[in-house]
There are 2 protein chains.
Amino acid sequence: MSGLPTVTDVALAAGVSRQTVSNVMNSPGIVRADTRERVEAAIKELGYRPHASARRLRTRRSSTIGIRLDPMIDGISGSVLDRFLHALTEQADAQGLRVLLFTATSPDDEITQFQRLNDGADVDGFVLTSTFAGDPRTQWLIANGISFVTFGRPWGDDDLNDPQHLWVDVDGWAGLHEATRAQQDAGARRIAYIGWPSPSGTGDERRRGWYDAMMERGDVSAEELARLEIVTTDGVSQGTAAMTELRQNAGRLDAVLCASDSLALGAMIANPGRVPVTGYDNTPVAAAVGLSSVDQAVDEVAAGVLDLLTGEFGGRVHGAPESDEPRHRLITPRLVVREFAAIPMDVP
Amino acid sequence: MSGLPTVTDVALAAGVSRQTVSNVMNSPGIVRADTRERVEAAIKELGYRPHASARRLRTRRSSTIGIRLDPMIDGISGSVLDRFLHALTEQADAQGLRVLLFTATSPDDEITQFQRLNDGADVDGFVLTSTFAGDPRTQWLIANGISFVTFGRPWGDDDLNDPQHLWVDVDGWAGLHEATRAQQDAGARRIAYIGWPSPSGTGDERRRGWYDAMMERGDVSAEELARLEIVTTDGVSQGTAAMTELRQNAGRLDAVLCASDSLALGAMIANPGRVPVTGYDNTPVAAAVGLSSVDQAVDEVAAGVLDLLTGEFGGRVHGAPESDEPRHRLITPRLVVREFAAIPMDVP
DNA sequence: TGACTTTATTTGATCGATCAAACTTTTCTT
DNA sequence: AAGAAAAGTTTGATCGATCAAATAAAGTCA
């Protein structure tokens, strides 16, 4: 025994066979108690650690999940995915799963990577983020029978209930509905919304949350509501511009809700009246400047992803399709309320 | 051939032996050109992909590097490590290396993970972040002959030139020196510095950059300089407090430099005089609010790390110790100057 | 007790690739 | 052109674990 100890070494030391050692590690139940203890002692004694690659070669599974690390975009909202990655890694670790990162320049390139990692038995499955309508990646994975779970629901028409597409998502509707309610309960009537142009899966959901809550209360007529809504692309300066426009055209404002923290930060900058502003994503920026925000609860998302991936359907996408356990999780976000602290700022 | 094609399948198809196929992939030089083409055609034809785990079992190397994903701290500065991770993954991918994530609850736990991943042939080496004085991790890795590179120089007394400790770091001194110079060139004389308590490896470096630049110019006496310096722990509100204190006790302020973007953001909040504030890390927050900041150039850091890891010394830490190629890289950061945009804000 | 299960353990084969050494072909010497 | 050296290719063994099937031990029942 020159290098690290192997099963054979342990078997020899414990006076049993290789297979028994293997059984102690993988199916302890079928080994008699006293034998098991002897083997466990030998394992400890020799400091034995199973050779992961050898095991993978034989079992054809790697206990590793692959996830693509998206390129950094603006940075503010990008941190949500980073936080998700943290949560995922932490929880995967706790289950003995490893997380392998990779990058890709396009969806097609990403598919190439899927193939490479899957064929090499590098990973057992994938976690996808940033899904979009007509996403070729999910189609390819399904066609090739590779396990995966998406963070983000499928936005295609009839994909939502595709039994082969497991997904976890955050209920943006509920998030904005709650945020709107919170402002209403605090006495606000005229609550504006700065959102993204349609069609945008997530954006439309969030907008609807605000819209429904407003309509339910009925404080504002439908026509007035239209004046309280502004559509713009994401970004801090866009938020500032939108807020300026609202102040000029929307009449009195009791509160402003935004589709993202970037927009919210921008809105705060042009907010001398100190109207309460609420963002979305609860990014570090929101925490730093004391901005209320809707928190996506990445921990719960990560838990859901792993649950689906390793659960009844997870080992293999095609496993046990007859069961009727739900194939997705819709997480309700949490509203984080912060004092309207060191803000507002003045436009120079 | 039921499953995926193997070397044997390719060999059969190309009319050569397994080993020749293997040679085509690993040492193309020793295979005759026409044979090689035939094999390559067969590989393409069959869509053959080598089985990563099998290869690892045999070669005892994995082409994978492990990196611990630090727990999220405050979030603002934490994004530097996330950006580094992005850069590392991207560049590792380009070199055919994979990045495996893991988490740990303490340095000792991290060492346990090192052992597990190393023994299982899961990784060839590690990238460490957030090193500190007397770090047990580097000692353990050196003692066990495991390859690693740290992002962050060793802070122990005589470790800096330890030939077994490869490291890459950003020259904080140069960063603050340049930032100070930039303000001086713009006409500023009385430049304050908000930093961290000593001893702090990185913090002390940065402070010294400011201090040296101030002394070189000689606009301010040493006693006055002491009044222009404030020491505090990191955080947005600490930055606000420090700025308030400076305004009360330090006399006229022409500019303020901070050890972090968190402090800088805080400083800006208590900055009605619109004194130029410069942060450190060039985080998304700095970009969003239009704050000048020192950029750590994570791309260069990542390149340096990979270079050291895969280079002459990288394959094995103990490899070729007789060469005199430098065993570390000191990256010069870049000052990112931004207009003092939508800020300042007023304290309510 | 002896035949018959059930439970526990062992043996031989295998996963897919590469290493090391043997072997064959080509190229170089003189 | 014969013999030596170099280049190219093939064969058998091996990495460390698990699977599948065979064997041994323990427990059950008439």
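Side chains included, hydrogens not; waters and symmetry mates left out as well; all remaining heavy atoms used. Proteins get letters first, then strands, A, B, ... in listed order; numbering begins at 1 in each.
For the pair B/Leu57 CG and C/dG16 P, the interatomic distance rounds to 12 Å; values are reported in whole Å. The interatomic distance linking B/Arg60 (CZ) with D/dG16 (C1') rounds to 8 Å, in whole Å. The CD-C1' distance, from B/Gln19 to C/dA20, rounds to 9 Å in whole Å. Nucleotide D/dG16 holds its C1' atom 15 Å from the CG atom of A/Leu12, rounded to whole Å. Rounded to whole angstrom, the span from the CD1 atom of A/Ile30 across to the C1' atom of D/dA26 amounts to 16 Å. In this entry the distance linking CG of A/Asn26 with P of C/dT9 reads 15 Å, nearest Å. With rounding to whole Å, B/Arg38 atom CZ is found 12 Å from D/dG8 atom C1'. One can place CZ of B/Arg58 at 17 Å from P of C/dC15, the figure rounded to the nearest angstrom.
Put simply, A/Arg55 has a side-chain N or O that comes within less than 4.0 Å of OP1 or OP2 on D/dT18. Checking the phosphate oxygens (OP1, OP2) of C/dT10, a side-chain nitrogen or oxygen of A/Thr20 falls inside 4.0 Å. Distances shown here put every side-chain N or O of A/Ser53 at or beyond 4.0 Å from the OP1 or OP2 atom of D/dC15. OP1 and OP2 of D/dA17 both lie 4.0 Å or more from every side-chain N or O belonging to A/Ser22. Of the side-chain N and O atoms in B/Ser17, one or more sit less than 4.0 angstrom from OP1 or OP2 of D/dT10. Between C/dA8 and A/Asn23, no contact under 4.0 Å exists linking OP1 or OP2 to a side-chain N or O. At the phosphate of D/dT9, OP1 or OP2 sits under 4.0 Å from a side-chain N or O atom of B/Arg32.
Within the nucleic acid shown, A/Val31 comes within 4.0 Å of sugar-phosphate atoms alone, with no base atom in reach, counting heavy atoms only. No engagement by B/Arg36 is indicated, since no non-hydrogen atom pair under 4.0 Å with the nucleic acid exists.
Each of A/Thr138, A/Thr131, A/Thr150, A/Asp135 was checked for a side chain to side chain donor-acceptor pair (under 3.5 Å) with A/His165, and the lone residue meeting it is A/Thr150. Under the side chain to side chain donor-acceptor pair (under 3.5 Å) test applied with A/Asp34, the options A/Arg32, A/Arg36, A/Arg38 reduce to a single match, A/Arg32. Applying the ring pair (Phe, Tyr, Trp, His ring centres under 6.0 Å) test between B/Phe126 and each of B/Trp140, B/Phe151, B/Phe114 identifies B/Phe114 as the sole match.
Put simply, the side chain of A/Arg18 and the base of C/dG12 share a donor and an acceptor less than 3.5 Å apart.
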Anything under 3.5 Å between a donor and an acceptor, one on a side chain of residues 42-49 of chain B, the other on a protein residue two or more places apart or in another chain? List them.
none

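Each salt bridge (Lys or Arg N to Asp or Glu O under 4.0 Å) pair with one or both residues in residues 15-28 of chain A, not counting sequence neighbours, would appear here, but there are none.
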